[in-house]
Q: 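Take a look at the following structure, please.
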Amino acid sequence: MTNVQSSNSGYPRIGGKREWKRALESFWNGSISEDELLKTTEALRLDNLQKQKEFGIDLIPVGDFSLYDHVLDTSIMFGVVPKRFAYSGGQVPLETYFAIARGTKDAVASEMTKWFNTNYHYIVPELEGVTPKLVENRPLAFYKEAKEKLGIDGKPVLLGPVTYCKLAKSFGDENFPVLLKQFTPLYIEVLKELADAGAEWVQIDEPIFTSKLSEKDFQHVQQAYAEIHEAVPQVKIILQTYFEKVANYEAVAALPVQGLGLDFVHGDSLGLLRKYGFPKDKVLAAGVIDGRNVWRADLDGKLTLLEEIQTYVEKDRLIVQPSSSLLHVPVSTQLEEKLDPIIQEGLAFADEKLAEIVLLSKGVNDGTETIAVELKESRNALSRLNNSKYRQNVEVKETIGKLTEQDVNRSLPFAERIKEQQRRFNLPLLPTTTIGSLPQTPEVRQTRSKWRKGEITDQAYEQFIKNQIDKWIEIQEDIGIDVLVHGEFERTDMVEYFGEKFEGFAVSQFGWVQSYGSRCVKPPLILGDVAFSEPITVKESVYAQSLTTKSVKGMLTGPVTILNWSFVRDDIPRYDVLNQIAFALRLEIEALEKNGIRMIQVDEPALREGLPLDLEKRESYLEAAVHAFKLATSSVENATQIHTHMCYSEFSGIIKSISALDADVISIETSRSHGEIIAAFENNTYDKEIGLGVYDIHSPRVPSKDEMKQNINRALKTINPNQFWINPDCGLKTRKEEETIDALKIMVEAAKEVRKDQ
Ligand code: GLN
Ligand code: ZN
């Protein structure tokens, strides 16, 4: 090749209007056959490929499509099926594939977990006791399909052997070399068949190279890639990394492959080039367009970047592409009908990003004058957004600029203010509470959707919500819970709810991205200066409090979680946006307090997942998170109690920061791994109040009283009973009413019995 080529490294599976989700769910509930499912999804897949071809992408990925998850696809390609699914070899049937992902009544599903620092979840491979074997060359099938049906000579995409083995479940570090040795020949088989079928370039995803591998591990990596190279020298491999800069850059760049893909958006890959250069014999796949965010790119800036990159790599060895698979962004802004055009034109979803990539390639190849018109249009669209009213909230910027350290601290330290709180609330030992949401029955969801469509009046909807609150305050009082909640019936989603009401946000119609399986999320867009305009949650909280003499907790989503679960504007530093959110929440909290709400919970379930991949960036992230949380929560009276909730059980390394949030009470999800958490809190002498979830709300099973007592007693071995709260481990939104009532009754009885023993 003599020119730069345009490339894509993965395309969203779900379809512009989530056709994929609908097909899958119809199949699961039996309303369409397997045949229909396969036909529908094939049409979608071919459409996606055709679209990329029409955009003019040179290297079109094939095999990135999945019916659930690409890590699971890799597992079944090698016959990696856990024993409990009764698999007897050969191509894994679709039924088994979905069983691994979703479980059956006899066999629990494989675990799922977050894909690096994204909100995409993959199915964790279980390699114990299985002998991997190539049972289905999936990339080959997709390669042939694209060639035969569309005349597209695609670029097969594979999840690489190092990343795959590293992500597998419960392998000790000592197992890694063994696993890698097992899988290397299987990858060779796959690649041989691809070469025989005519594939020229193959993309092997190794995002694990963004974290530091030990020297020993890396020797095995070198060996594996050397074997691959020796066995199939005719295949040109692009080793694809993303989400951060490569950690062992010099070593990775020396691996015997023909190309290396680097993320120039989320890590300082340019810094690596400046420091170490780029190997003369390799192709650089430069991820310059943000594959994780939704804003139109500053194309002038990108052209400058590409120019600098060309001082390290000749044009004929350069590929222009997104920073990662476009799996993490929605399909097309063209579907949006309700956004202000200024916003809509400031966005670039997957399709618009492909257009940007093709345009940049053309600019590099033929000179920027050949794309002058498009560049100007793009520039204008961006400046319209930048100069719009959304980004000109001077007042907010000034107020936040003036805040001092004193403004982010409670006036008394915890040890002193807790005494005032105890006097005010006068709670029993081991107080009981819940995490916030109560069951959202089909009736609740239908009523909300009718109201959104304008089929019922605001008044009727408000009355409906009040009735739900009435009913559940009574239920909670009857059960004997000590601190009540209003139930969050008015909320669909804990981030979107605030996004719709703060200034600076917009909510798209079709901005969906896959989260896990068929489940998609629609992150709000933070496009402007975030500001509080009027109270959001006061009405429901005050109403609930008016029905009871017990305390009702106000219920908010924290600044870090709102940030991490939104698409955030990229024209100002991310932590500035974080502080704007925090300040808006501070005003909401003050409004709650002014209206008599004296316990306020600020949820931060996404705090941990936002931890940067690059270890060096972690401290500043945690500092920013702590600052924002305190900014939001510190202006209340000493006797007002701030709660927080987090739903994950891995606290190692962040306990100090959790403690620094200075929340009076924290509730955490632990019912699945009590031991670890307690140890973590113990060693760091956590001094504030804690509720460790005493039962798992993710399962419909109602646990027995003895089980709950056991959980409580185990916690009390290390935590002072004066510090301890009793609660379920997360919100109850997805549970049925009956099972919720049963479980809460048992929880309160268990608490009463344990109290007696103290
Ligand atoms: N208050 C929220 C709820 O109960 C918390 C949700 C969460 O932790 N993800 O639903
Ligand atoms: Zn939770």
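Both counts, for ligands and for their atoms, begin at 1 and track the order of listing.
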Q: Kindly say whether the aromatic ring centers of F243 and H328 come within a distance under 6.0 Å.
A: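 Yes, they do, as the ring centres are separated by less than 6.0 Å.
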
Q: Show which atoms of ligand 1 fall inside a sub-4.0 Å distance from at least one heavy-atom site of G731.
A: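 Going through ligand 1 atom by atom, the ones under 4.0 Å from G731 are 3 (C), 4 (O), 10 (O).
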
Q: Counting from 1, what ligand 1 atoms have a heavy atom of S437 closer than 4.0 Å?
A: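 What qualifies from ligand 1 is 3 (C), 4 (O), 10 (O).
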
Q: Taking only heavy atoms of G436, which atoms of ligand 1 are found under 4.0 Å from at least one of them?
A: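 Contacts of ligand 1 toward G436, numbered from 1: 4 (O).
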
Q: Any N or O of E488 that comes nearer than 3.5 Å to an N or O of ligand 1?
A: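 It does: an N or O of E488 is found under 3.5 Å from an N or O of ligand 1.
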
Q: Using a strict 4.0 Å cut-off to heavy atoms of C730, name the atoms of ligand 1 that fall inside it.
A: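 By the 4.0 Å cutoff, the relevant atoms are 7 (C), 8 (O).
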
Q: Need the ligand 1 atom indices (1-based, order shown) with element for anything under 4.0 Å from a heavy-atom of C647.
A: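 In order of numbering, the contacting atoms are 7 (C), 8 (O), 9 (N).
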
Q: State, without any angle test, whether K553 and Q601 hold a side-chain donor-acceptor pair at a distance under 3.5 Å.
A: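 A donor-acceptor contact under 3.5 Å links the two side chains.
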
Q: Centroid-to-centroid, W725 to H643, below 6.0 Å?
A: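 Yes, the ring centres sit under 6.0 Å apart.
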
Q: Can you list the ligand 1 atoms lying under 4.0 Å from a non-hydrogen atom of I435?
A: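 Listed by number with element, the hits are 1 (N), 4 (O).
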
Q: Please determine whether a side-chain nitrogen of the Lys or Arg among R424 and E637 lies less than 4.0 Å from a carboxylate oxygen of the Asp or Glu.
A: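 Salt bridge present between R424 and E637.
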
Q: H70 and Y120: aromatic ring centres closer than 6.0 Å?
A: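 When the ring centroids of H70 and Y120 are compared, they turn out to be within the sub-6.0 Å range.
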
Q: Is a side-chain donor-acceptor pair under 3.5 Å present for Y543 with D470?
A: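 Yes.
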
Q: Return yes when K733 approaches ligand 1 closer than 4.0 angstrom through a heavy atom, no otherwise.
A: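 No, K733 has no heavy atoms under 4.0 Å from ligand 1.
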
Q: Salt bridge or not between K539 and E462? Use side-chain N to carboxylate O under 4.0 Å.
A: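 Yes, this pair counts.
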
Q: Test of geometry: compute the angle SG(C647)-the Zn ion (ligand 2)-SG(C730) and round it to 10°.
A: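 Rounding to the nearest 10 degrees gives 110°.
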
Q: Which protein heavy atom lies closest to atom 1 (N) of ligand 1, and at what distance to 0.1 Å?
A: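 Result: D603 OD2, 2.6 Å.
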
Q: Which atoms from ligand 1 have a heavy atom of H645 less than 4.0 Å away?
A: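 Contacts of ligand 1 toward H645, numbered from 1: 8 (O).
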
Q: Between E496 and K501, is there a salt bridge with N-O shorter than 4.0 Å?
A: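 Result for this pair is no, no salt bridge flagged.
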
Q: Does the N or O separation between M494 and ligand 1 drop below 3.5 Å for any pair?
A: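 No, since none of the N or O atoms of M494 sits under 3.5 Å from an N or O of ligand 1.
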
